[in-house]
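Below is one structure, written out as structure tokens, with a few remarks after it.
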Amino acid sequence: MYYVSIIYSAQLDVYYKGFTMNPDERLKCHLEGGSELTSRASDWKLVYSKVFETKKEALIEEKHLKKLNRSSIKQLLEG
């Protein structure tokens with residue numbers, strides 16, 4: 001399975017969108033400073049996750065999410 005997720009840091013007031021095969025492990029990596037961008041904060045929380053059967057589908061969704069502006073992300077999260 002492939003996952004596309006959005007994590008949020010209140011400390012930075014930033015949404016980070018990404019693709020992974022293991023969302024729990026990826027979040028742990030972000031919290032431990034394993035990514036240059038996300039290492040600037042330690043309060044990342046998973047706020048959105050969607051599962052896909054194929055890598056291609058997940059990467060298409062990730063590309064779509066990365067194009068969204070802040071208000072569109074908030075709209076998505078509110079359902």
Side-chain angles (χ1 to χ4, degrees):
M1 302 307 279
Y2 300 89
Y3 299 83
V4 175
S5 59
I6 300 174
I7 58 175
Y8 176 75
S9 166
Q11 192 176 4
L12 299 175
D13 192 25
V14 169
Y15 291 97
Y16 178 88
K17 290 85 81 183
F19 153 85
T20 185
M21 290 178 63
N22 187 332
D24 293 329
E25 196 60 38
R26 188 67 181 135
L27 179 59
K28 182 179 173 189
C29 178
H30 287 300
L31 290 169
E32 293 174 349
S35 171
E36 186 176 335
L37 175 71
T38 60
S39 66
R40 296 181 292 158
S42 59
D43 67 336
W44 294 101
K45 291 186 180 184
L46 182 66
V47 294
Y48 174 85
S49 182
K50 191 170 181 180
V51 64
F52 296 89
E53 289 188 22
T54 69
K55 183 177 182 178
K56 181 178 180 180
E57 291 172 312
L59 291 174
I60 290 169
E61 177 68 5
E62 179 192 31
K63 187 175 183 179
H64 168 75
L65 289 179
K66 288 187 179 228
K67 291 180 181 179
L68 296 179
N69 61 26
R70 179 173 283 270
S71 63
S72 296
I73 292 170
K74 288 183 178 181
Q75 220 173 1
L76 173 70
L77 298 177
E78 291 171 359

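When a residue number appears, it is its place in the shown sequence, counting from 1.
- Screening residues 40-79 for ring-ring contact (aromatic ring centres under 6.0 Å, His included) gives no qualifying pairs among residues at least two apart or on separate chains.
- In this structure a side-chain-to-backbone donor-acceptor pair under 3.5 Å is present from Asp43 to Ala10.
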**OP:** Determine, step by step, whether Thr54 and Glu57 satisfy the side-chain contact (heavy atoms from CB on, under 4.5 Å) criterion, reporting the C-alpha distance in whole Å, the side-chain angles of both residues, the deciding distance to 0.1 Å, and the verdict.
**Re:** CA-CA 5 Å; Thr54 69; Glu57 291 172 312; 3.0 Å; yes
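- Hydrophobic cluster membership is shared by Leu76 and Tyr8, with clusters built from Ile, Leu, Val, Met, Phe, Trp and Tyr side chains linked at under 4.5 angstrom.
- No side-chain donor-acceptor contact under 3.5 Å links Ser72 and Gln75.
- The shortest side-chain heavy-atom distance between Glu53 and Tyr2 does not fall under the 4.5 Å cut-off.
- A distance of 11.5 Å separates OG in Ser49 from CD1 in Ile7, rounded to the nearest 0.5 Å.
- In plain terms, the two heavy atoms of Ser5 and Leu46 that are nearest each other are CB-CD1, 3.5 Å.
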**OP:** Report the C-alpha separation of Phe19 and Glu61 in whole Å, then their side-chain angles, then the decisive distance to 0.1 Å, and conclude whether the side-chain contact (heavy atoms from CB on, under 4.5 Å) test is met.
**Re:** CA-CA 9 Å; Phe19 153 85; Glu61 177 68 5; over 6 Å; no
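- Side chains of Asn22 and Thr20: a donor-acceptor N/O pair is absent below 3.5 angstrom, by distance only.
- When all heavy atoms of Thr38 and His30 are compared, the closest pair comes out as OG1-ND1, 2.7 Å.
- Linking ILVMFWY side-chain heavy atoms closer than 4.5 Å, directly or via other members, places Val47 and Leu65 in a single hydrophobic cluster.
- Cluster note: Val51 groups with Met1, Tyr3 through ILVMFWY side-chain heavy atoms spaced under 4.5 Å, whether in direct contact or through intervening members.
- Within the 4.5 Å cutoff, the side chain of Lys63 has no heavy atoms near those of the Val4 side chain.
- Closest approach of Ser42 to Gln11, counting heavy atoms only: N-OE1, 3.2 Å.
- At a threshold of 4.0 Å, the pair Lys66-Glu62 counts as salt-bridged, since one of the basic side-chain nitrogens sits closer than that to a carboxylate oxygen.
- Met21 and Ile6 fall into different hydrophobic clusters, where Ile, Leu, Val, Met, Phe, Trp and Tyr residues are linked whenever their side-chain heavy atoms come under 4.5 Å apart, directly or through other members.
- Taking NZ from Lys17 and CD1 from Ile73, the interatomic distance works out to 3.5 Å, rounded to the nearest 0.5 Å.
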